[in-house]
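Structure first, then comments.
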Amino acid sequence: MTQLLLLIVALLALGHMQPGRSEFKRCWKGQGACRTYCTRQETYLHMCPDASLCCLPYGSRPLSSKPEYV
């Protein structure tokens with residue numbers, strides 16, 4: 001009986017946790033990753049919903065039709 005109660009408590013606790021780790025969240029059509037910092041081989045594109053950076057590898061950065069202002 002105590003094992004059944006322990007199992008129920010464990011399942012309830014797991015149900016309230018967020019799935020996965022935030023550093024592996026994907027952004028920009030699945031091409032980028034949401035991280036706190038981008039690596040040297042990546043560039044910053046925009047902010048993810050959790051306020052982290054959307055990091056894209058240099059080869060997959062979209063070409064902008066508008067000129068970027070520095």
- Give, for atom CZ of R26 and atom SG of C54, the distance between the pair rounded to the nearest 0.5 Å. 9.0 Å
- Item | Test: C27-C48 SG spacing under 2.5 Å | no
- Message: To the closest 0.5 Å, what do you measure between NE2 (H46) and SG (C55)?
- Response: 10.0 Å
- Message: Looking at every heavy atom in both Y37 and L53, which two are closest together, and how far apart are they?
- Response: CA-CD1, 4.4 Å
- Run the side chain to side chain contact (heavy atoms under 4.5 Å, CB included) check on E42 and R35 step by step: do they pass? CA-CA 11 Å; E42 296 173 327; R35 296 196 186 105; 2.6 Å; yes
- Note on the structure: In this structure, CG of L45 is separated from OG1 of T43 (nearest 0.5 Å) by 7.5 Å
- Could you check L56 against W28 for side chain to side chain contact (heavy atoms under 4.5 Å, CB included), going step by step and ending with a plain yes or no? CA-CA 8 Å; L56 286 173; W28 197 74; 3.8 Å; yes
